[in-house]
Amino acid sequence: MRKKITVADIIIGIFLFLCAFSCLMPILNTIAISFSDRTSAALGKVYYWPVNFNLSAYKAMFHEKQFIISFFNSIFRVVLGVSINMLLTILMAYPLSKDPKVFKHKKIYMWIIIVTMMFSGGLVPTFLVVKSLGLMDTIWALVLPGAVPVFNVILLMNFFKGVPKSLEEAAAVDGATPLQILWKIFVPISKPALATIALFAIVGHWNAFFDGKIYINSPLKLPLQTYIQSLTVDLNPERMVNMTPEQIEQQMAMSSLTFNSAKVIVSMVPILIIYPFIQKYFVKGIVVGAVKQ
Amino acid sequence: MKNKIEQLYYHAMLFPGMVALIIFSIIPMGGIIMAFQNYQPAKGILHSEFIGLDNFKRILLLPDSKQILYNTLIIAVGKIVLGMIVAVVFALLLNECRLLMYKKVVQTIVYLPHFLSWVILAVMFSNIFSYTGIINQIVTFFGGEPCMYLVSNKWFRSIMVGGDVWKHFGYNAIIYVAAMTSIDPTLYEAGEIDGANRWKKIKHITLPGILPTIILMTTLNMGKILNAGFEQIFNMYSPLVYQTGDIIDTYVYRVGLVNLQYSFGTAVGLFKSIISFILLVVAYKLAAKYSDYRIF
């Protein structure tokens with residue numbers, strides 16, 4: 001039975017269109033600005049279509065050493081950070097998924113994890129710990145403090161709990177060690193869950209800017225988001241009060257509206273590349289993780 | 001014997017992760033001692049002078065404290081309440097949409113902002129809300145006065161709340177859409193036979209069906225009531241809007257890491273951690289009691 005399209009259907013359709021449009025609007029606007037000439041962009045003449053189409057912002061960007069370096073710094077950070085995240089998450093989730101009868105000291109570990117989820121020493125003590133370990137200005141300051149994504153450990157632990165016991169028992173009878181059982185049985189069977197967690201981790205590492213801001217001083221080691229953040233913040237007129245005229249001029253030359261927009265667009269590309277995978281796994285993943293019955 | 005080896009394996013697997021957690025999460029908790037000291041980096045935490053509750057007294061005496069707490073609460077509560085309403089309404093509309101292709105495309109698009117960083121979105125926001133930006137052009141088209149929205153104390157909080165709701169509504173709707181698909185379809189058929197129209201079915205079947213989920217999510221959000229969204233505000237605020245936009249987290253950053261008042265920054269952070277901890281425990285207890293929700 002196919003129903004007729006009613007007025008209500010049309011109104012709903014229009015509302016949904018507006019919702020989707022509102023999400024695309026800022027991105028389309030930024031793309032258009034990045035392909036326009038500087039003056040039109042500064043005067044606010046650009047909406048959704050480039051005015052005086054040109055590629056100068058992109059050309060200039062790819063000649064800017066700092067941008068390229070920061071881009072690859074971020075890629076490296078994602079690869080290293082996500083590898084560490086995944087390794088630790090898998091290794092921790094497995095023993096924690098065991099029944100307390102099988103793994104006697106599970107409770108102690110669980111408590112440590114719960115405490116870290118619920119309470120935090122705060123920004124300043126964490127900063128001082130990283131500093132006193134001599135991690136300042138190294139990539140380790142970006143990947144080690146968040147090495148254990150506690151929420152993901154819980155998610156995977158819950159997933160492991162649902163793996164049929166018989167699989168594991170059969171392997172144990174054949175003399176497999178827990179490490180072999182984890183690697184040969186649990187990891188292959190939980191690929192969707194692992195993909196979800198890896199995507200969480202990739203997005204998190206790629207988007208992080210604040211740790212780069214407080215822990216990294218050398219420009220050559222800055223991750224991309226931190227670098228973009230420093231450009232846009234410095235362009236903010238209210239922040240120029242304390243700058244010398246030369247500094248302001250330098251800033252203006254380096255970062256115009258079109259130039260910044262081009263950087264923003266390029267920095268979005270990795271997210272857009274993994275977005276189809278996010279669509280595939282994420283949606284299922286959060287529903288499973290959030291409403292566990 | 002075999003069991004012993006197994007236990008050893010388990011401990012060994014947990015070891016690297018636990019070391020990382022202890023160093024970067026548990027040890028900083030010990031750092032809260034600094035909140036009761038006049039910490040000086042040269043002397044270290046062991047030899048700095050203890051000053052009791054002086055730092056906390058200072059928090060109470062500081063004229064900014066009240067304003068910062070108020071900003072934090074109003075922005076966070078605004079985000080929680082409005083965020084929930086918009087996500088539910090959007091989920092309802094999505095659920096009512098009968099063109100499956102259209103529904104899929106809309107869903108794909110609205111999740112996107114959730115995955116973009118606030119650094120990137122701040123650039124986009126400053127383009128849109130700038131003096132010559134799109135919003136001001138629309139305003140002037142309808143005869144209004146253009147305004148520097150992001151440096152206006154009148155608008156800053158609303159833009160922060162609106163921006164956050166906008167970024168997350170699609171993503172937050174996922175859970176409500178999932179709850180709607182698990183409603184028994186025979187209820188709708190029965191409603192139809194009884195002559196219920198679309199609106200009546202939403203009101204009497206869909207909404208009651210997702211009410212437990214709404215209550216659960218709201219309860220869990222209680223623990224976030226002092227998290228007004230550091231990354232967002234940090235990327236968009238400026239001294240001109242400290243009056244309305246400064247929140248606990250941005251204040252801790254400026255006092256603790258920019259002005260290097262380590263002890264005072266720690267004390268303000270501790271104040272937040274303790275209240276958040278209490279709220280989180282209460283929220284989880286309530287959720288476990290009333291909707292069988294357990295993360296463990």
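Treat the numbers as computed from the prediction; the structure is a model and nothing was measured. Every chain is numbered from 1 and lettered A, B, ... according to where its sequence line falls, protein lines coming before strand lines.
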Check each atom of [X] against the heavy atoms of chain A and say whether the ones under 4.5 Å are side chain, backbone, both or neither.
{"X": "B:Tyr102", "value": "side chain"}
{"X": "B:Tyr9", "value": "side chain"}
{"X": "B:Leu270", "value": "side chain"}
{"X": "B:Ile134", "value": "side chain"}
{"X": "B:Leu150", "value": "neither"}
{"X": "B:Leu92", "value": "neither"}
{"X": "B:Tyr131", "value": "neither"}
{"X": "B:Ile23", "value": "both"}
{"X": "B:Tyr39", "value": "side chain"}

Which one wins on heavy-atom pair count under 4.5 Å against chain A: [options]?
{"options": "B:Val123, B:Ile128, B:Ile32, B:Leu257", "value": "B:Leu257"}
{"options": "B:Ala122, B:Gly17, B:Pro16, B:Gly269", "value": "B:Gly17"}
{"options": "B:Pro28, B:Gly31, B:Ala12, B:Pro41", "value": "B:Pro28"}
{"options": "B:Glu231, B:Lys272, B:Glu96", "value": "B:Glu231"}
{"options": "B:Ile22, B:Val86, B:Thr108", "value": "B:Thr108"}
{"options": "B:Gln107, B:Met34, B:Gln137, B:Lys103", "value": "B:Gln137"}

Side chain, backbone, both or neither of A:Ile27 within contact of chain B (heavy atoms, under 4.5 Å): both
Distance-minimising heavy-atom pair for A:Ile33 and A:Val46: N-CG1, 3.7 Å
Heavy-atom closest pair, residues B:Tyr237 and B:Gly245: CD1-O, 4.3 Å
Parallel, tilted or perpendicular: ring planes of A:Tyr109 versus A:Phe103, cut at 30 and 60 degrees: parallel
Set of residues satisfying side chain to side chain contact (heavy atoms under 4.5 Å, CB included) with respect to B:Phe15, sequence neighbours excluded: B:Val19
Check: A:Ser22 main-chain N/O paired with B:Trp166 side-chain donor or acceptor under 3.5 Å: yes
Carboxylate-amine/guanidinium proximity below 4.0 Å for B:Lys201 and B:Glu189: no
